[in-house]
Amino acid sequence: MTPDSISQLLDPLNEAQREAVQHVDGPMLILAGPGSGKTRVVTHRIAYLIAQGVPSHCILALTFTNKAAQEMRLRLDGLAPQHRVWTGTFHKFCARTLRIHAPLVGLAENFTIYDTGDSKKVVKQAIQNCEVDLRHHSPDSFVNHISNLKNKGVTAEEFVPRPGHALEAIIGKVFPEYQKLLRLANGVDFDDLLLHCVELFRNSPELRQTFDEKYAYFMVDEYQDTNLAQYQLIRLLNHSIQNLAVTGDPDQSIYGWRGATLKNILGFEHDYPNVKIVRLEQNYRSTKSILRVADQLIENNLKRKHKRLHSENEEGKPVRLVAYPTPQDEAIDIADSIALAIQKGGRRPRDFAIFYRTNALSRSLEHSLRLAGVPYQVVNGHEFYQRREIKDLVAYLHLLNNPRDNVAFERIVNVPPRKIGKVTLGRIRSFAEDNRLSMLEAARSCDSISAISKVPNAKIKQFVLMMDRLSEIRSVEVETIIKAILDETAYRDWLTDDGSEEGHERAGNVDELVVAAQEFDSEHPEDGGLERYLEQAALVSDTDVWESTADFVSLMTMHAAKGLEFPCVYIVGLEDGLLPHERSSNDDEEIEEERRLFFVAITRTQEELQISRAMSRFRRGSYWPTIASRFLMELPRQSMAVFEPSSSEVNSDILDEIDPWLHGGVDDKIVDDSLAAGIPEDLDISFDPAMFESPESLTRGLKDRQKLPSFTPRIFTGAEFADQQEKLRSTVRVHPNAFRIGMQVEHLDYGIGTIVMLSGKAAKKTATVDFSDLGKKRFRLAFCNLQIVDE
DNA sequence: ATTCGCAAAGTTTTT
DNA sequence: CTTTGCGAAT
């Protein structure tokens, strides 16, 4: 490599970044504040290593999400074409490793990766087998407990219940039974992927050695979010050669509830005494006013290493802090602001993101964005694979790939109905258990099960024969397999038989699965196949499905926002019980994690940030008054644009006293019951200007305090509102429900095509259109500009 | 064996 | 409000 290309790698960096990039051998800890160019440093360092003669296949880079891995790969392709660096998530790395060496930990290569729902089923079975009394505990609590244990690196054999601890005593029975059932089914849960991998390297020192040497250069991203199992894995792969570089930021640790432990990053210096530490503290992302807010907030955490974020960016607009009367007001105002900024402010939809603590908060935001005609995407990736019909079909695939998969077997043996009921199933199950068979094997030899009578016996045989026929084609393309399953089972007809709309919707989702499989097949001509398909289906994360290039406003949880950045950000629902969440309010450590979560959300912002709360919130079936989040009191409010609620929006004088934000902020207290009385979420009106007071009243609290940089909240009233609505209407968009299968439609870019399938509903309603020459394309009907071609 | 209906319970974040 | 689970009826 030429000196020229080396300087290309180093020139765009600041001093600290350059120091990190040029570090070659030995352990390194990169403490990277938000927006400090971490990804750039990591990718440039890898390119630098390659330039120094390190073979690229000796480099292993583990990230937190597939998305981050993909991003890294993309940048690397630009910096070091034809590199062979292995990038991916911990879970994926472990899955791949286990596939090759499964027998060493008592698994077969074709093991199934169970998602949380599947694990829950296994836990339930385990509870039943143990015949324990679970009146006081839900299966969910067992799943969580077991997962927590695993995250701490405690295996079923090692677990010893504390004496006198009732729940732990039960877990002491259920946990081993659960593991036994998993093993019988040749399945693993998410945590097992890591644990089995650790076990693998512990059991086989030669293999460990091989990996250690093969991946001489090892990088780990988001080190503050690693748990004990991941830590152990890292240590095992860094035993002989300690060229480990980790990046992280203790202030951004937000996965403690999943077993992540700050000890890993805080103890790094202890683990590797000769460590090189690089601090990246200059922020290139956010304006000064945003950083000030973030900095002041995180200062309230006691358990942290002090760090001051600094930046040479502009001061920027003040951060807005707004209290809305209702969640609807919050949603409508945000949607309108975004719509206006797109129309007049030169912004694009993809410049915006809205963050919330819980997924449930997305509903009203979606509703308002739809009304405002703003295209948006909600980032939650598992949704599709969680649907019943999809899970059913995927279960068929699992059973084909791993015939021992009892969870899959139980799920689909009678779906569609084959007259194999609970009783018969129970008989198969106990026969399987008595003879150490998988349920499919047991079903195969159902002649030997005397308790099963003639009719069910025949039905079972039919099922087994069908699976045999399908099994013959299990190594062809995934699309073909799914189609064959649909053929054999008449699954689609079963869905649509009743003629209900729901049935057709589900059938549409089934069709979408076929298209997705088709896409997978064409994207993976070499490394495809059933097993890989199932693996990626199991390991997709929420952020992975986020389309960064698509022109949508992004809605996501604060957790999903990690690692992303947007010019304009809205953070909603800053209310006590939501943030900090009521389930996290137990001790200081949890509160600090919630604060870090808020910190992460704030620091995603590049230019404009609004933080808001509503004075009432819909919970448990009705509207309840809210209390401001304690975190709001920790912000530098004197340098922010604060929009307080006007007096008529205050819920009650009782709350006024509790609510720290309101306390002393409002003079005349008027009780207004109507606010808490409840406004239907589906209210059909687009927006009633009367719901807002005049802009003056909203800014009143502000004027009373002090003069702030000019910033007037934009609120549409009367004519202006009508004007805006008219503008929205001028792009005539056909209503999503107006489309039918078989219709001719016209698209601006693709021309005329025929709708071949419809799926999803409301904002997610999707049409697949066949443009003969150009192939099939899929559209979100609520956003695309598809016109119906008149006959 | 399946379906329907009612009651109760539970509501975070995710690989 | 939702989802889930259980029990009774068909």
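Scanning all heavy atoms of the two residues, the minimum distance from G187(A) to L107(A) falls at O-CD2, 4.3 Å.
The F190(A) side chain lies nearest to dT15(B) when the options are dT12(B), dT2(B), dT15(B). Minimum atom distance to the side chain of S584(A) is reached by dT12(B), of the listed dT14(B), dT12(B), dT15(B). Each of dG5(C), dT2(B), dC1(C) was ranked by its minimum atom distance to the side chain of F618(A); first place goes to dC1(C).
Taking only side-chain nitrogens and oxygens, N359(A) comes nearer than 4.0 Å to OP1 or OP2 of dT13(B). Proximity of T424(A) to the phosphate of dA1(B): a side-chain N or O atom is located under 4.0 Å from OP1 or OP2. Taking 4.0 angstrom as the limit, T557(A) places a side-chain polar atom (N or O) nearer than this to OP1 or OP2 of dT14(B).
Nucleotide dT12(B) holds its P atom 15 Å from the OH atom of Y356(A), rounded to whole Å. Rounded to whole angstrom, the span from the CG atom of N148(A) across to the P atom of dT12(B) amounts to 15 Å. Between the P atom of dT14(B) and the CG atom of N66(A) lies a distance of 15 Å, rounded to the nearest Å. dT13(B) atom C1' lies 12 Å from atom CG of L578(A), rounded to whole Å. For the pair K120(A) NZ and dT14(B) P, the interatomic distance rounds to 16 Å; values are reported in whole Å. Rounded to whole Å, atom C1' of dT14(B) lies 6 Å from atom OH of Y255(A). Whole-Å rounding puts the L539(A) CG to dT15(B) P distance at 9 Å. Distance CZ (F64(A)) to C1' (dT15(B)): 7 Å, rounded to an integer number of Å.
Across the interface with DNA chain B, nearest-nucleotide mapping of V423(A) and R583(A) shows V423(A) to be the residue nearer the 5′ end. The 5' end of DNA chain B is approached more closely, in terms of each residue's nearest nucleotide, by R418(A) than by the other of R418(A) and E582(A).
Here N414(A) lies in heavy-atom contact (under 4.0 Å) with sugar-phosphate atoms only. As judged by a 4.0 angstrom heavy-atom cut-off over every strand, K459(A) is placed among residues making no nucleic acid contact.
By the stacking rule of 5.5 Å between ring centres and under 30° between planes, H581(A) stacks on the base of dT12(B). The ring of W257(A) lies on top of the base of dT13(B), close enough and flat enough: under 5.5 Å between centres, under 30° between planes.
Salt-bridge formation is not detected for the pair D225(A)/R258(A): no Lys NZ or Arg NE/NH1/NH2 atom is positioned less than 4.0 Å from an Asp or Glu carboxylate oxygen. Taking 4.0 Å as the cut-off between side-chain N and carboxylate O, E594(A) and R583(A) do not count as a salt-bridged pair.
Here F355(A) and Y570(A) keep their ring centres 6.0 angstrom or further from each other.
Separation of the C1' atoms belonging to dG5(C) and dT12(B) is 23 Å when rounded to the nearest angstrom.
Side chains of E330(A) and S612(A): a donor on one and an acceptor on the other come within 3.5 Å.
Using the six-membered ring where Trp is involved, F463(A) and Y396(A) have ring planes that are tilted, between 30° and 60° apart.
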